[in-house]
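Scroll down for the structure; my scribbles are underneath it.
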There are 2 protein chains.
Amino acid sequence: MVTINDIAKKAKVSKSTVSKVINNYSGVGDDTKEKVLKIMKENNYWPNSVARSLSTKKSYTIGIFGPQILNNFFFREVFEGIEAVMGDKGYDLLYFTNKQWDESWVDYSYKEKCENRNVDGVIMMGYGKVNIAQFDRLLKSDIPSVFIDLDLVGSNTSYVTSDNTGGARKAVEYLAELGHKKIAMIRGLNGFKVSTDRFVGFQQAIKALNLPYNSEWMFDGDYSMETGYQSMKRILNLDEKPTAVFAEDLIAIGAIKAIRQAGLNVPGDYSIIGFDSIEIGRHYHLTTIAQDQIGLGEAASKLLLNIINKKSFSPIILPTRLIIGETCRKV
Amino acid sequence: MVTINDIAKKAKVSKSTVSKVINNYSGVGDDTKEKVLKIMKENNYWPNSVARSLSTKKSYTIGIFGPQILNNFFFREVFEGIEAVMGDKGYDLLYFTNKQWDESWVDYSYKEKCENRNVDGVIMMGYGKVNIAQFDRLLKSDIPSVFIDLDLVGSNTSYVTSDNTGGARKAVEYLAELGHKKIAMIRGLNGFKVSTDRFVGFQQAIKALNLPYNSEWMFDGDYSMETGYQSMKRILNLDEKPTAVFAEDLIAIGAIKAIRQAGLNVPGDYSIIGFDSIEIGRHYHLTTIAQDQIGLGEAASKLLLNIINKKSFSPIILPTRLIIGETCRKV
DNA sequence: ATAATTAAATAAACCGGTTTCGAAGGAAGT
DNA sequence: ACTTCCTTCGAAACCGGTTTATTTAATTAT
């Protein structure tokens, strides 16, 4: 590997001078500068980021923490948005794996991992309220961080999320417009902010529209097709059945499977409205409340860059949007 | 951030001694070692990876290059396999974004980016024959690298891929078993090794089984539903129509759409067999030749670790497997 | 008691950069 | 001709670690 010393030697100048040229600082004569640039080019030289990071504390690297985000339809798209913005600004992404340190003589967690790698900032996704305690040291540190879908704020922390409450209201309002009164909801994991927010929105709309609320129509589980499938089977056995179901996309697909398996059809017998708009849902022509996943990633990135540059810290709430597919009908 | 110097000062020893304790080297007395460990723990100290990497040239970071791999169903799962193995071995993953360097006074490419970040090795995916020239310097360098689905070998380079030729043969053989004779193939991008391999396998099987080969039944495009959709529409207009179609999953789904749109059905009118077994295909109950995506990622990781440790360089070819869904029937 | 051996600890150089500060040299001012 | 003021440049310290070579101290051998 060719280093700054090699360049300095070949150009017969000191390494300080080369450094000044690299960083385009003043204090270097035009002809010297030209000579150094020429030698750099000839030797295909690029300053080593690691060494640079050691002295500047800036690495042009953004850390990403997120358990299971790679096998998650939703976060995968968020990741895409992050890549677009961060790549554009010259940052690479360091994806922290979940190695368990056996020799863990210290409490080695998010904050330490970030300091350890000198990341300029970190994006956290896929975490719920249950995990909050783990973030304590990170929040108190001066590491710029942005959470996705978890409303944490701090001196160097902020978050982005979708308008989950409003989105859920929108879903109920749409179903009500179509004439539905009895609406079931199957929720994802309880410990996650998005779930509770959507539940709140659901209840707000039910109340505002004076629709019946029946606790037998409320289910929760995890964000899986299985949850949708099992919950729907129970719905199909109820005495008083709802006519429509609101659930996150993957859950909604599970519910559709259960309905079809029972020899019924969507939207003939049940109207189903999803939430998220993940790609798979599109294949089912799911009517859904869409979030802007890529937009979430982009917003998180821009917000993080703002925090890094000490500009703005305000949380960002992105709007949702109704996408009309083929799984809801007028009754 | 607490540094080795802080620890040395508090423990009243030199930093060399602390370093030896960190690395569990000999030459430190038991009581000294214990004292230092205690202070490290009290101060929640963990040695900085960046500084460490600067002197050792080892970063415990694996680079990942791959254009568009985040919005690709296939590579996303490969990524998952990589994370599992690399995480387990204590490596983090550096995902290189595609920033264009305006000030690009040098030919700053794969090799340079790797050297620049001191990655211990790199996994390259999503590249085709067309890109080979760009890898020249990387291959000649001493950076351990593993390509996925591109058969490059070098002193520090190897590759993993699926048995695409065999898999394609398997697809044709299965269709033949079901009684199909006229088989069409819709291929993905021409410049990619996997496409040509599958085409070769297809032709081998056609010949071996003495089936008719008709160039009108051969199509190519990209790996998109649109390609499948458009190609299938053309098939539907042929005078002499095939009875079965072989295509990568996403393409196959596009083909199914075209068939259904024409008022026909699968497998009633056409049998469709896919290749890949991406998650979306499962929702269509696609009969397909499955690759083991996660296995590819795992194999690539293990191979890369072997190269890093100067153990083994042999390319790895993973077997494929027929998954019988509901899109093929006997004729 | 002295020399030789061994173990423990440290000083110093190094990794490849950045940054501060002072020296050298030329131009301008008087 | 002498001071003053820039501009250009390089020496040296620094970032937080590792590693080599050497010193110091304790142990064993003679």
Side-chain angles (χ1 to χ4, degrees), chain A residues 1-37 39-40 43-61 106 108 112-120 142, chain B residues 1-37 39-40 43-61 106 108 112-120 142:
Chain A
M1 191 173 67
V2 34
T3 73
I4 197 173
N5 287 305
D6 301 329
I7 301 299
K9 217 166 285 177
K10 290 187 185 182
K12 297 193 177 51
V13 295
S14 71
K15 58 194 271 198
S16 340
T17 301
V18 178
S19 178
K20 282 171 195 164
V21 172
I22 291 168
N23 294 288
N24 207 19
Y25 289 164
S26 59
V28 182
D30 288 346
D31 38 356
T32 310
K33 181 169 179 175
E34 205 159 321
K35 181 175 59 176
V36 171
L37 280 171
I39 305 233
M40 292 203 296
N43 291 273
N44 215 36
Y45 168 76
W46 195 272
N48 182 279
S49 291
V50 173
R52 211 168 194 178
S53 159
L54 184 60
S55 58
T56 60
K57 304 287 168 235
K58 182 110 177 89
S59 63
Y60 275 96
T61 305
V106 296
Y108 186 62
E112 287 75 20
K113 289 194 183 191
C114 287
E115 284 183 345
N116 197 275
R117 295 285 192 180
N118 284 20
V119 298
D120 297 338
D142 53 3
Chain B
M1 190 173 65
V2 35
T3 73
I4 198 173
N5 288 304
D6 301 329
I7 300 299
K9 215 165 285 176
K10 290 187 185 179
K12 295 193 179 52
V13 296
S14 72
K15 59 194 271 199
S16 338
T17 301
V18 177
S19 178
K20 282 174 191 164
V21 172
I22 291 168
N23 294 287
N24 207 20
Y25 288 164
S26 60
V28 182
D30 288 346
D31 39 355
T32 311
K33 183 171 179 174
E34 205 159 319
K35 181 176 62 178
V36 172
L37 280 171
I39 305 234
M40 292 203 296
N43 291 273
N44 215 35
Y45 167 75
W46 194 272
N48 183 279
S49 292
V50 174
R52 213 169 193 177
S53 159
L54 183 60
S55 57
T56 61
K57 304 287 169 234
K58 181 109 178 92
S59 63
Y60 275 95
T61 306
V106 296
Y108 187 62
E112 287 73 22
K113 290 195 183 189
C114 287
E115 284 183 345
N116 198 275
R117 295 287 193 177
N118 283 22
V119 298
D120 297 338
D142 54 3

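In what follows, chains carry the letters A, B, and so on, assigned in the order in which the sequence lines appear, proteins first and then strands, with residues in each chain numbered from 1.
- Side-chain N/O atoms of A:T32 include one lying less than 4.0 angstrom from OP1 or OP2 on D:dC9.
- Side chain of B:N23 to main chain of B:Y25: no donor-acceptor pair is present (N/O by atom type, distance under 3.5 Å, no hydrogens or angles).
- Between the side chain of A:D120 and the backbone N or O of A:Y60, at least one donor-acceptor pair lies under 3.5 Å.
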Protein-to-nucleotide contact annotation, 5' to 3' order, nucleotides 16-24 of chain D [B base; S sugar-phosphate only; - none; under 4.0 Å, heavy atom]: BBBB-----
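- Evaluation of the side chain to side chain donor-acceptor pair (under 3.5 Å) rule for B:K10 yields B:N43 as partners, not counting sequence neighbours.
- By the salt bridge (Lys or Arg N to Asp or Glu O under 4.0 Å) test, A:R52 is found to be paired with no residue, residues two or more places apart in sequence or in another chain being considered.
- Closest non-hydrogen pair, A:T3 versus A:Y45, comes out as C-CE1, 3.6 Å.
- Here B:K33 pairs with nothing under the salt bridge (Lys or Arg N to Asp or Glu O under 4.0 Å) rule; sequence neighbours left out.
- Here C:dA9 presents its P atom at 17 Å from CD1 of B:I7, a figure rounded to the nearest Å.
- Taking atom NZ of residue B:K12 and atom P of nucleotide C:dA11, one finds them 15 Å apart after rounding to whole Å.
- An end-to-end axis angle of 60° holds for the helix from C:dA1-D:dT30 to C:dT30-D:dA1, taken from five base pairs per end and rounded to 10°.
- Nearest heavy-atom pair, A:K15 versus A:N5, reported as atom, atom and distance to 0.1 Å: CD-OD1, 3.4 Å.
- Among the protein residues, A:G27 comes within range of the nucleic acid bases, having at least one heavy atom under 4.0 Å from a base atom.
- Applying the side chain to side chain donor-acceptor pair (under 3.5 Å) rule to B:S49 yields the partners A:N116; only residues at least two apart in sequence or on another chain are considered.
- Atom NZ of B:K35 is separated from atom P of C:dA8 by 14 Å (rounded to the nearest Å).
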